[in-house]
Amino acid sequence: MIRNVSKTGFTAMLWLCGTMLAYSQRIELKDLSAFRNPGNSWSLAGNVVADLNGENVLKATKGEGILVNQSSAKKAGSDLFTLNEYGNVAVELDYLTSKGANSGIYLQGNYEIQIDDAWGLRNATSSNNGGIYQRWDDSKPEAEKGFGGVAPRQNASKAPGLWQHIKIVFQAPKFDASGKKTQNAKVISVVLNGVTIHENVELFGATRGAAGAEKATGPLRLQGDHGSVAFRNIVITALPDIPKSDQRGGPDPIYIEAASNNMIRSFVDVLPGVRSVHAISVGGPEKTAYSYDLDNGTLLQGWHGDFVDATPMWDGRGNGTSRALGSVTRFTQKPVLAISKLANAQDNWVADTAGTGFRTKGYVLDKQERPTFKYHIYGTTVTDAVKVMENGQGLTREITIDNASKDLYFLLATASNIEEVSKGLYLVDDKSYYIQLADGAAKPVIRDVNGKKEMVVAIGSKLNYTILF
């Protein structure tokens with residue numbers, strides 16, 4: 001049974017599944033009525049963009065649907081509390097940070113899941129994005145005051161100005177009739193950008209900066225005094241009971257590490273029902289990796305975090321696929337030719353390799369054992385050098401053509417939307433990733449094709465650009 005309930009500031013639904021009744025509330029963000037005495041640093045916006053070159057800068061445009069906090073050292077913001085209070089709860093939302101920003105999600109106002117700009121950080125701590133923040137004891141020596149924090153299993157963070165998705169399932173502490181705590185709170189799970197970073201973490205007390213003493217219920221609290229940050233799609237589900245985890249056994253996982261530069265050939269599932277059957281995944285010590293389709297010269301995906309789960313490929317008879325272990329950013333919805341010969345920038349993109357003379361020539365390794373891909377197409381040889389940036393923040397790509405032709409174009413992106421935020425810097429697919437064109441690159445054309453946006457550019461003899469995610 002699903003029943004809609006009308007409440008100020010919320011769209012609410014009652015879900016009845018078996019014997020569990022869960023009360024979900026989506027904060028509509030048409031106004032701030034869902035929150036208790038919001039401070040002046042909080043406002044609503046229709047769009048928000050971070051400045052990758054400026055510390056703690058968010059540029060918001062008028063509208064609704066996005067909750068924005070503007071906070072700086074000169075004018076600190078304030079924390080924001082929901083009117084409603086919760087015990088056991090699931091919290092799901094999107095957030096983005098400004099460069100260098102710091103914020104947090106406090107369950108019951110007392111237990112903080114950290115938000116910060118941890119872009120490219122190889123080894124995250126409890127103070128970094130997704131961490132369960134430390135408890136605090138001022139009576140201890142300085143080096144020991146902070147204790148009990150839990151780092152995320154891996155750094156699944158994205159760049160400032162990109163939307164990140166988090167889902168938290170929280171079990172509230174329990175108290176007897178006299179008010180004595182009989183059971184500690186517990187973080188049942190935290191999933192950040194599709195990666196489980198915490199499971200079944202017992203909280204022996206409130207974290208630093210708690211709003212008050214531990215109790216059975218409390219509001220959701222968004223930290224607003226440590227930097228500029230934005231939120232959207234906030235859904236809060238009160239849970240009468242904590243769902244039991246799936247205890248069914250499975251094969252022992254087969255994980256491949258990339259402590260040094262490493263590669264694996266496999267099938268890669270781009271989306272359900274869409275598979276690259278001639279793909280290679282490349283990772284290294286930067287904790288950033290990518291998958292490349294050798295049949296089309298196309299970058300399929302990139303990710304931050306651990307390298308590859310080869311269990312589907314190698315367990316039993318296997319199905320040939322491997323999976324990224326980190327937070328995946330998709331660069332395409334299907335393998336499609338990266339290069340096409342067009343009469344002009346508005347001409348239809350070539351559907352497949354027929355008539356193109358496409359022939360893969362594999363790859364060569366540099367001294368660091370990183371691949372550079374080569375293929376023939378339209379009578380020319382293409383050299384495609386994809387490299388993970390040293391800081392782990394994204395990928396650089398250099399496309400070289402040995403027989404330049406003015407009618408050869410490169411497909412930079414196909415997405416729901418593409419917006420230029422500064423000269424040569426583009427936000428792609430609802431702030432999923434950035435494309436940064438090198439200085440002097442030709443101006444790309446953003447065109448409408450079947451309800452999508454395509455960004456294409458004339459290659460000339462060489463094209464350089466960066467993907468930041």
Side-chain angles (χ1 to χ4, degrees), residues 52 120 159 258 261-263 279-286 288-304 329 331-332 335-342 345 349 356 358-414 418 420 422-426 428 433-445 454-469:
L52 289 182
N261 290 321
N262 200 357
M263 298 182 295
I280 184 168
S281 296
V282 181
E286 302 86 359
T288 297
Y290 67 89
S291 297
Y292 185 95
D293 181 79
L294 292 162
D295 286 335
N296 293 277
T298 299
L299 267 175
L300 300 172
Q301 59 188 14
W303 66 94
H304 298 299
T329 298
F331 302 137
T332 184
V336 62
L337 277 174
I339 292 174
S340 187
K341 180 177 284 190
L342 306 181
W349 201 256
T356 67
F358 182 94
R359 187 168 74 256
T360 182
K361 301 298 289 183
Y363 54 85
V364 295
L365 297 178
D366 65 13
K367 292 180 180 179
Q368 297 174 284
E369 297 189 325
R370 300 176 303 183
T372 294
F373 306 100
K374 290 180 175 290
Y375 56 90
H376 292 314
I377 191 170
Y378 298 114
T380 188
T381 298
V382 178
T383 301
D384 190 352
V386 182
K387 307 295 183 187
V388 174
M389 298 171 67
E390 289 185 6
N391 59 16
Q393 293 180 343
L395 307 171
T396 62
R397 194 174 189 185
E398 182 178 87
I399 312 292
T400 305
I401 306 293
D402 74 349
N403 185 18
S405 172
K406 65 180 182 180
D407 56 2
L408 290 182
Y409 286 78
F410 189 84
L411 182 61
L412 288 162
T414 299
I418 301 171
E420 186 174 15
S422 61
K423 185 178 180 181
L425 180 66
Y426 297 82
V428 182
Y433 61 97
Y434 295 94
I435 287 178
Q436 173 74 71
L437 294 175
D439 291 341
K443 179 76 173 178
V445 173
E454 283 186 351
M455 182 160 65
V456 304
V457 65
I459 301 175
S461 60
K462 184 175 290 188
L463 172 66
N464 286 280
Y465 73 100
T466 301
I467 302 176
L468 304 171
F469 57 96

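Just the heavy atoms: all of them, side chains too, but no hydrogens, waters or symmetry mates, feed the values below.
- Closest heavy-atom contact between Ser291 and Trp303: OG-CZ3, 3.4 Å.
- Heavy atoms only, all atoms of each residue included: Gln301 and Phe331 are closest at C-CE1, 3.4 Å.
- In terms of modelled atom types and a separation under 3.5 Å, the side chain of Thr288 and the main chain of Gly392 share a donor-acceptor contact.
- For Asn403 against Gly379, the heavy-atom pair with the smallest separation is ND2-O, 4.2 Å.
- Of the possible donor and acceptor atoms, none in the side chain of Thr356 sits under 3.5 Å from a partner among the backbone N and O of Ile377.
- Separation of the Tyr363 and Tyr292 ring centroids does not fall under the 6.0 Å cut-off.
- Side-chain contact between Ile280 and Phe373 is present, with at least one heavy-atom pair separated by less than 4.5 Å.
- Rounding to the nearest 0.5 angstrom, the gap separating the CD atom in Gln393 from the CG atom in Leu52 is 9.0 Å.
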Handout entry: Evaluation steps, side-chain contact (heavy atoms from CB on, under 4.5 Å), between Glu286 and Met389
Key = CA-CA 8 Å; Glu286 302 86 359; Met389 298 171 67; over 6 Å; no
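- For the pair His376/Lys361, a side-chain contact is recorded, criterion being any heavy-atom separation below 4.5 Å from C-beta on.
- Checked by atom type and distance alone, the side chain of Trp349 pairs as donor or acceptor with a backbone atom of Leu337 at under 3.5 Å.
- Ile401 is listed as a side-chain neighbour of Ile339, based on a closest heavy-atom distance under 4.5 Å.
- Inter-residue side-chain proximity for Lys387 and Thr372 is flagged as met; some heavy-atom pair is nearer than 4.5 Å.
- Here CG of Leu412 is found 8.5 Å from CD1 of Ile418. Values are rounded to the nearest 0.5 Å.
- Counting only heavy atoms from C-beta outward, the side chains of Arg397 and Asp384 approach each other to under 4.5 Å.
- Scanning all heavy atoms of the two residues, the minimum distance from Leu294 to Phe358 falls at O-CZ, 3.6 Å.
- Counting only distance, with no hydrogens or angles, the side chain of Gln436 and the backbone of Gly424 share a donor-acceptor pair below 3.5 Å.
- Scanning both residues, Tyr375 and Ala338, for their nearest heavy atoms gives OH-CB, 4.2 Å.
- Nearest approach of Leu300 to Pro335, heavy atoms of both residues: CD2-CG, 4.2 Å.
- Side-chain contact between Thr332 and Leu411 is absent, with no heavy-atom pair separated by less than 4.5 Å.
- Checked by atom type and distance alone, the side chain of Asp293 never pairs as donor or acceptor with a backbone atom of Thr298 at under 3.5 Å.
- Inter-residue side-chain proximity for Asn464 and Thr396 is flagged as unmet; no heavy-atom pair is nearer than 4.5 Å.
- Ring-plane geometry between His304 and Phe469 is classed as parallel, the angle between the planes falling under 30 degrees on a 0 to 90 degree scale with a further cut at 60.
- How far CD1 of Ile435 is from CD1 of Ile467: 6.0 Å, rounded to the nearest 0.5 Å.
- Counting heavy atoms from C-beta on, the side chains of Pro371 and Val282 come closer than 4.5 Å.
- No donor-acceptor pair under 3.5 Å is formed between the side chain of Asn391 and the backbone N or O of Gly120.
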Practice task
For side-chain contact (heavy atoms from CB on, under 4.5 Å), just list the numbers for Leu395 and Val388, CA-CA rounded to whole Å, side-chain angles, deciding distance to a tenth of an Å, and then say yes or no.
Solution key: CA-CA 5 Å; Leu395 307 171; Val388 174; 3.8 Å; yes
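- Going from atom CG of Leu408 over to atom CD1 of Ile459 covers 5.5 Å, rounded to the nearest 0.5 Å.
- Lys374 contributes atom NZ, which lies 13.5 Å from atom CZ of Arg359 (distance to the nearest 0.5 angstrom).
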Practice task
Could you check Thr380 against Asp402 for side-chain contact (heavy atoms from CB on, under 4.5 Å), going step by step and ending with a plain yes or no?
Solution key: CA-CA 6 Å; Thr380 188; Asp402 74 349; 2.6 Å; yes
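- For the atom pair CG of Leu342 and CG of Asp407, the computed distance is 8.0 Å after rounding to the nearest 0.5 Å.
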